[in-house]
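In what follows, every chain begins at residue 1, and chains take the letters A, B, ... in the order their sequences are listed.
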Amino acid sequence: MPRTKVYEAVTERLEILDTEGRVDAALMPEIDPSRTRDLYRDMVLMRTFDTKALKLQRQGRMGTWPPIKGQEAIQAGVALAMGDNDWLIPAFREHGIMVLRGVPLHLVFAYWAGDERGSSYPEEVRCFPVAVPVGSQWQHGTGVGLSLKLRDEDAVAVTFGGDGSTSEGDFHEAVNCAGVFGTKTVFVIQNNQWAISVPLHRQTAAETLAQKAHAYGIPGIQVDGNDVFAVYAAATEAIERTRRGEGPSLIEAVTYRLGDHTTADDASRYRSEEELEEWEGRDPILRLRRYLVEQGLWDDDQETVLLEEAASWVDGQVKALEEMEPQAPEEIFTSMYAALPPHVVEQMQSLLEEVRS
Amino acid sequence: MPRTKVYEAVTERLEILDTEGRVDAALMPEIDPSRTRDLYRDMVLMRTFDTKALKLQRQGRMGTWPPIKGQEAIQAGVALAMGDNDWLIPAFREHGIMVLRGVPLHLVFAYWAGDERGSSYPEEVRCFPVAVPVGSQWQHGTGVGLSLKLRDEDAVAVTFGGDGSTSEGDFHEAVNCAGVFGTKTVFVIQNNQWAISVPLHRQTAAETLAQKAHAYGIPGIQVDGNDVFAVYAAATEAIERTRRGEGPSLIEAVTYRLGDHTTADDASRYRSEEELEEWEGRDPILRLRRYLVEQGLWDDDQETVLLEEAASWVDGQVKALEEMEPQAPEEIFTSMYAALPPHVVEQMQSLLEEVRS
Amino acid sequence: MSGQNAEGRALHAVPEVATEKLTIAQAVRDAMLEEMDGNDRVIVLGEDVGVDGGVFRATEGLIERYGPERVIDTPVAESAIVGMSVGLAATGFRPIAEIQFMGFVYPAINQLFGHAARMRNRTRGRLSCPMVVRMPYGGGIHPPEHHSESYEALFLNTPGFKVVVPSNPYDAKGLLVSAIRDDDPVLFMEPKRIYRAFRDAVPAESYTVPLGKADIAREGTDVTLIAWGAMVRVCLDASEVLARNEISAEVVDLRTLNPLDRETMIESVVKTGRAVVVHEAVRTGGFGAEIAAQISEHALLQLEAPIQRVTGFDVVFPLAQNEKHYLPSRQRVVKAVEKVLAF
Amino acid sequence: MSGQNAEGRALHAVPEVATEKLTIAQAVRDAMLEEMDGNDRVIVLGEDVGVDGGVFRATEGLIERYGPERVIDTPVAESAIVGMSVGLAATGFRPIAEIQFMGFVYPAINQLFGHAARMRNRTRGRLSCPMVVRMPYGGGIHPPEHHSESYEALFLNTPGFKVVVPSNPYDAKGLLVSAIRDDDPVLFMEPKRIYRAFRDAVPAESYTVPLGKADIAREGTDVTLIAWGAMVRVCLDASEVLARNEISAEVVDLRTLNPLDRETMIESVVKTGRAVVVHEAVRTGGFGAEIAAQISEHALLQLEAPIQRVTGFDVVFPLAQNEKHYLPSRQRVVKAVEKVLAF
Ligand SMILES: Cc1ncc(C[n+]2csc(CCOP(=O)(O)OP(=O)(O)O)c2C)c(N)n1
Ligand SMILES: Cc1ncc(C[n+]2csc(CCOP(=O)(O)OP(=O)(O)O)c2C)c(N)n1
Ligand SMILES: [Mg+2]
Ligand SMILES: [Mg+2]
């Protein structure tokens with residue numbers, strides 16, 4: 001009767017690829033070598049367009065941009081684990097996986113350059129638009145996961161958010177409801193240790209974010225987010241689990257935001273040079289290259305070709321961006337409703353008159 | 001390196017007094033016999049005024065009333081563990097502990113009878129008004145706990161809410177922030193198994209509510225909420241802990257709402273006779289009486305006297321309620337601001353003219 | 001999906017839905033039944049909407065008929081109710097979300113305004129949120145704190161949303177059917193004070209009352225009373241009183257607040273030359289201001305007197321005992337009419 | 001408490017606070033410094049207000065001066081920021097909460113309206129919530145989505161709250177000092193578009209600009225322009241243009257939206273006979289409607305033309321590229337004035 005245990009569980013952390021490029025063979029998921037190279041290509045591509053976006057921003061050809069540098073392994077690993085019909089529900093630092101899921105890069109650029117058409121993805125791309133209000137997207141992840149479950153569709157919803165977003169009430173409601181309804185949702189936290197200037201330990205007193213899963217009665221796991229194999233293995237397990245109808249789960253991927261919060265931020269105001277350097281040493285791209293080279297799957301020539309290809313592909317996307325016709329002024333009205341009510345039409349006409357005069 | 005444990009979660013449950021009135025001597029907190037009798041008196045008093053309120057409501061002398069029947073042990077036990085200067089931040093089913101903390105019963109009645117003055121407690125009573133928006137009060141508990149910590153005051157904030165309220169985002173934000181700031185807050189969940197018609201397992205997939213503490217890096221414990229000794233022991237431990245500056249904690253007290261959700265509800269629509277009967281057998285008052293009788297601390301004569309005393313005290317409070325002058329019409333305006341702005345004064349005057357004409 | 005009605009309608013022995021005389025609460029339920037029968041992507045979710053049938057019984061019997069996959073009891077989490085609805089609606093469902101009382105809609109505001117109202121615009125039409133958010137609103141039933149509020153003004157400065165408020169059973173059903181079929185999010189406010197106050201003849205089959213069209217609830221020539229929801233009856237009552245004094249009041253029941261039927265409203269005011277707007281919400285910043293502003297803008301020269309607003313006061317909605325001092329009454333409407341006539 | 005200033009002021013070597021020429025952002029910071037020096041129950045909390053000094057640097061240097069117990073970096077949780085402030089304020093503190101952008105205030109609405117605005121009334125004065133909620137609002141800086149909104153109308157149908165919007169550095173400091181000293185919750189909206197646009201001479205010591213008093217920013221006789229925040233400058237600019245055409249515009253800077261200084265506003269309109277209200281928020285249901293309604297109510301016979309509202313359109317605030325089509329401009333104000341004059 002007295003003091004009894006009513007709950008006992010553990011939270012685990014998965015690591016497979018170390019900073020030197022060595023893998024734990026026992027845990028290494030099966031990925032064929034060409035796919036491993038693709039993973040590397042994906043990550044380099046992300047780094048390339050992220051760097052380009054920063055440059056465009058400095059040149060005044062891009063608005064505020066939130067860089068993804070350092071977080072490429074999470075996005076490449078999860079993308080590889082997803083199936084064709086799965087839905088992606090991003091926050092705002094998921095350009096990498098969005099592009100891998102089929103969102104044209106020039107649209108991603110257009111969005112951040114201040115053009116709404118950047119969120120109008122091709123019909124077949126199952127991806128929600130960027131969610132700027134921190135944490136709000138978690139609820140959509142649950143809703144889409146419930147939708148897929150109710151329709152008994154062979155697809156899952158994968159939703160992303162940052163460490164900071166786990167402090168919002170919406171995170172809690174979403175994951176809790178996913179547990180209750182057994183939705184087909186996988187929650188991926190990109191724990192990059194900072195929410196603008198606020199470090200993780202000021203965000204929560206919990207030792208890990210993965211352990212928050214205990215609050216919801218669903219599985220949670222922490223992975224080294226700079227280790228693409230660990231991310232891929234954990235994401236595959238979580239996605240397959242929910243695909244089989246066994247319910248939602250939570251992945252905390254520990255990484256580091258190597259860049260500023262956005263181009264409007266200066267991270268040196270609040271974090272140390274040393275911390276940054278330490279994490280630069282854990283760069284997920286470096287690490288995977290070491291592995292590939294070690295395995296004889298990659299060499300300098302391939303690297304040179306890849307960098308060139310990536311740069312030229314990105315340049316093509318910038319060109320596509322710049323070739324977009326400017327939005328017509330009336331487009332601020334035309335998508336407000338399925339059928340525009342009279343007062344909106346009236347306002348639209350007044351703007352058109354003004355523009356024409 | 002591979003798959004490592006990063007967190008081990010254990011949640012315990014405390015029970016001391018069983019349904020037959022026997023205690024686990026090893027766990028039994030020290031309470032002197034006269035205080036134990038007081039605990040019993042407190043619980044009987046609650047039952048008495050709760051029953052009276054239902055009667056008043058049926059007679060049209062009271063508005064909607066949320067009964068506390070079955071939840072008396074939690075409120076008596078926590079009240080006993082609190083110190084004079086501690087703050088109470090209730091939800092809406094805490095009339096028992098509110099009265100024990102010094103809120104005059106006739107004011108509690110006045111509030112539920114639709115009179116705002118019912119939330120204007122005497123200056124020395126450190127108690128927030130009832131919070132009807134589910135879960136919102138948790139945030140105030142954190143705020144008051146932070147206030148007490150910042151002022152280094154020898155007092156703690158004890159805040160209450162129901163099982164349903166743990167699903168609201170506010171619960172999460174509040175407990176998480178309490179953890180981050182190490183506020184002097186004790187969170188008490190009255191898990192009465194139902195949120196109106198929704199049973200606990202539709203509220204969360206977590207096996208216990210106590211385990212939600214793992215999400216916030218603070219201690220959590222489950223207690224048998226119909227066992228006043230377990231409640232008192234756990235509350236004392238939690239309150240003393242935070243009083244010493246060791247941070248917040250969470251108590252889940254498992255109980256059962258023996259009555260309807262409110263007088264506007266009919267619980268037989270959604271839950272079974274058997275479930276109700278089973279829990280009536282676990283009545284916290286019955287259980288404590290058995291213990292007292294067993295210990296030779298209580299007899300039928302004392303019971304008779306107590307019931308009479310309780311009834312007459314409650315009648316006195318009803319009288320006090322009915323002797324309250326009706327609120328003046330202008331009172332809907334007078335407390336809107338510290339100093340009424342002109343438009344409010346104007347509106348007040350127009351009402352007064354109307355009332356006078 | 002549970003699939004009970006892949007073929008359309010009434011596969012089971014069902015509670016009688018096709019009554020002649022329905023209350024507003026029953027008409028609301030009837031609309032949901034019809035639409036759920038007709039379209040299996042229509043689902044209902046909210047607190048206590050399932051087994052309990054809703055605290056006002058508006059969803060009574062739905063879970064028995066459609067099962068727990070289409071009639072979903074949710075945790076107490078309003079942001080989730082709407083947030084999940086966004087996910088459901090954007091991927092093909094037509095959720096009808098219930099917020100138990102309008103006083104509890106605040107936690108859902110972020111999802112309503114930050115997402116539901118914007119999804120179509122921000123994706124330039126690629127995704128949208130066809131959903132209805134039903135909520136009982138308004139005073140008059142003496143419930144506890146936070147249960148009597150009228151927050152429509154909050155929703156009327158947020159484009160992307162439609163806002164609908166029926167005042168009688170016939171409109172309640174027809175407007176709710178329109179709302180469910182609408183391709184954009186609709187806030188459907190139900191005047192709980194008159195949920196059961198009276199019955200109307202309501203056709204058994206599905207029919208629509210168009211969104212965005214006001215109704216002339218009573219014709220008149222001397223003054224225009226403009227109202228919605230429970231206040232329409234207060235205006236009709238006041239019109240009776242006025243009629244005894246040979247004053248002919250026209251009552252415009254707006255029915256939809258966004259989009260607002262400016263034409264009908266202005267036409268009436270142009271005819272009568274005088275207007276009184278009546279609403280339960282707090283005066284300052286209430287939607288009455290918008291109505292007054294539009295009338296002044298479009299009919300200034302026809303106005304024979306300043307528009308009067310009969311509204312709640314700028315105070316927190318009082319608890320039961322003082323509620324009578326807050327709510328616009330027939331007398332206050334009559335007095336306002338006398339004032340505009342005496343100007 | 002950290003106690004650094006039990007004695008009152010300036011115990012440490014501090015960043016220079018007593019400048020002559022300050023921007024609005026600096027004036028805001030200055031007001032907080034003065035009041036934190038003067039009253040150790042004044043504390044600041046919000047996202048990135050500490051080490052980072054706020055994303056607009058309005059709290060720069062405060063944490064160095066007052067320590068992390070009075071300048072509190074919070075988790076990303078707006079409901080908690082306000083909800084904790086309620087607990088703090090009701091027990092003796094005067095929190096200044098920062099919401100990083102007005103676009104992110106939605107999650108805090110429940111705590112703001114459901115509690116902060118009501119605490120005094122519902123306890124009949126026993127407890128109260130003296131707190132300031134600062135938030136940058138409005139368009140013009142081309143940030144990402146949700147960063148440009150003007151949601152004041154939401155706050156103006158909620159009694160218990162005061163709403164203040166400065167348009168220049170002098171007022172910003174004086175109004176914020178008043179807000180901090182006010183015994184009720186005050187929403188303090190900061191026009192981020194002009195945070196750094198210009199400088200004013202600002203006295204080094206504490207001074208107050210009273211809440212509830214409008215300012216005649218420019219005197220004129222032909223038309224009254226009514227505005228607040230960043231739109232005051234747009235009106236002043238328009239007045240210059242109009243002056244060149246011999247049109248004399250009076251500009252009323254409301255400064256406080258609740259309580260509204262009706263007297264000053266009406267007096268001006270009575271004098272000029274014409275009014276144009278200018279705001280950034282969406283048109284329908286915007287606070288311009290309330291202003292128009294009040295003017296029509298109290299000065300109908302003096303109005304020589306319908307009041308014009310120059311506002312944002314009824315659309316989601318556009319992203320950067322189309323923002324220019326949304327925001328009220330000098331030209332639109334001039335056009336509206338021409339219209340009221342031609343009526
Ligand atoms: C509701 C809301 N509050 C505040 C902000 C401002 N803001 C943008 S990003 C951010 C920090 C987010 O941190 P995290 O979730 O860790 O994501 P990261 O930026 O690190 O990817 C904040 C506070 C916002 N966008 N939405
Ligand atoms: C924000 C909000 N949503 C909904 C309601 C309506 N409501 C009142 S009590 C309640 C259930 C609360 O359940 P629980 O927290 O378990 O408390 P209990 O009633 O069991 O004591 C609900 C949904 C409310 N008051 N506030
Ligand atoms: Mg982060
Ligand atoms: Mg409960």
Side-chain angles (χ1 to χ4, degrees), chain A residues 1-18 22-24 26-27 135 139 166-182 198 201-218 220-222 224 230 247-248 252 254, chain B residues 1-18 22-24 26-27 135 139 166-182 198 201-218 220-222 224 230 247-248 252 254:
Chain A
M1 182 180 89
R3 212 157 167 133
T4 50
K5 282 184 196 165
V6 284
Y7 183 72
E8 218 180 334
V10 297
T11 302
E12 290 186 327
R13 175 182 169 97
L14 182 64
E15 297 178 27
I16 296 174
L17 175 66
D18 73 11
R22 287 173 308 229
V23 300
D24 183 323
L27 293 167
Q139 304 268 27
T166 66
S167 299
E168 291 277 7
D170 270 357
F171 169 79
H172 173 74
E173 295 189 11
V175 187
N176 189 55
C177 286
V180 169
F181 298 124
V198 178
H201 67 91
R202 293 283 294 190
Q203 207 62 243
T204 186
E207 292 89 330
T208 69
L209 297 175
Q211 79 198 53
K212 291 184 185 275
H214 297 297
Y216 310 113
I218 69 167
I221 189 170
Q222 187 185 70
D224 178 346
E252 175 197 6
V254 181
Chain B
M1 182 180 90
R3 212 157 166 133
T4 50
K5 280 185 199 164
V6 284
Y7 184 71
E8 255 176 84
V10 176
T11 301
E12 289 187 327
R13 175 181 170 99
L14 182 64
E15 297 178 28
I16 297 174
L17 174 67
D18 73 11
R22 287 174 307 230
V23 300
D24 183 322
L27 293 168
Q139 304 268 28
T166 65
S167 299
E168 290 278 7
D170 271 356
F171 169 79
H172 173 75
E173 295 189 11
V175 187
N176 190 54
C177 285
V180 169
F181 298 124
V198 179
H201 68 90
R202 293 282 295 191
Q203 207 61 244
T204 185
E207 292 88 329
T208 70
L209 298 174
Q211 80 198 53
K212 291 185 185 273
H214 295 298
Y216 310 113
I218 69 167
I221 189 169
Q222 187 185 72
D224 178 346
E252 175 198 5
V254 181

Quick one: what part of [X] sits under 4.5 Å from any heavy atom of chain A, side chain, backbone, both or neither?
X	result
Leu209(B)	neither
Glu173(B)	both
Thr204(B)	both
Gln203(B)	backbone

Problem - Pairing residues for Ala230(B) by the side-chain contact (heavy atoms from CB on, under 4.5 Å) criterion, not counting sequence neighbours - result: Leu14(B), Ile16(B), Val223(B), Asp227(B)
Problem - Option in Tyr216(B), Phe171(B), Phe181(B) with maximal non-hydrogen atom pairs under 4.5 Å from chain A - result: Tyr216(B)
Exercise for the section: Return the set of residues passing salt bridge (charged side-chain N to carboxylate O under 4.0 Å, His left out) with Lys5(B) (not counting sequence neighbours), or none when no residue passes. Expected result: none
Exercise for the section: Locate the shortest heavy-atom distance separating Ala215(B) from Ala206(A); write the atom from each residue and the value. Expected result: O-CB, 3.4 Å
Handout entry: Where Val6(B) and Arg13(A) come nearest, the two heavy atoms and their spacing
Key = CG1-CB, 3.5 Å
Handout entry: CA sep, side-chain torsions, deciding dist, call: Asp24(B), Arg3(A), side chain to side chain contact (heavy atoms under 4.5 Å, CB included)
Key = CA-CA 10 Å; Asp24(B) 183 322; Arg3(A) 212 157 167 133; over 6 Å; no
Exercise for the section: Would you sort out whether Asn176(B) and Lys212(A) count as a side chain to side chain contact (heavy atoms under 4.5 Å, CB included), showing the intermediate values? Expected result: CA-CA 11 Å; Asn176(B) 190 54; Lys212(A) 291 184 185 275; 3.4 Å; yes
Problem - N/O donor-acceptor pair under 3.5 Å between His172(B) side chain and Asp170(A) backbone - result: no
Practice task
Using a cut-off of under 4.5 Å on heavy-atom pairs, state which of Gly179(A), Ala26(A), Gly135(A), Ser167(A) scores highest against chain B.
Solution key: Ser167(A)
Exercise for the section: Let me see the working for Tyr7(B) and Gln222(A) under side chain to side chain contact (heavy atoms under 4.5 Å, CB included), right down to the final yes or no. Expected result: CA-CA 10 Å; Tyr7(B) 184 71; Gln222(A) 187 185 70; over 6 Å; no
Exercise for the section: Could you grab the distance from atom CD of Glu15(B) to atom OG1 of Thr4(A), nearest 0.5 Å is fine? Expected result: 6.0 Å
Handout entry: Glu8(A) versus chain B, the contacting section by heavy-atom distance below 4.5 Å
Key = both
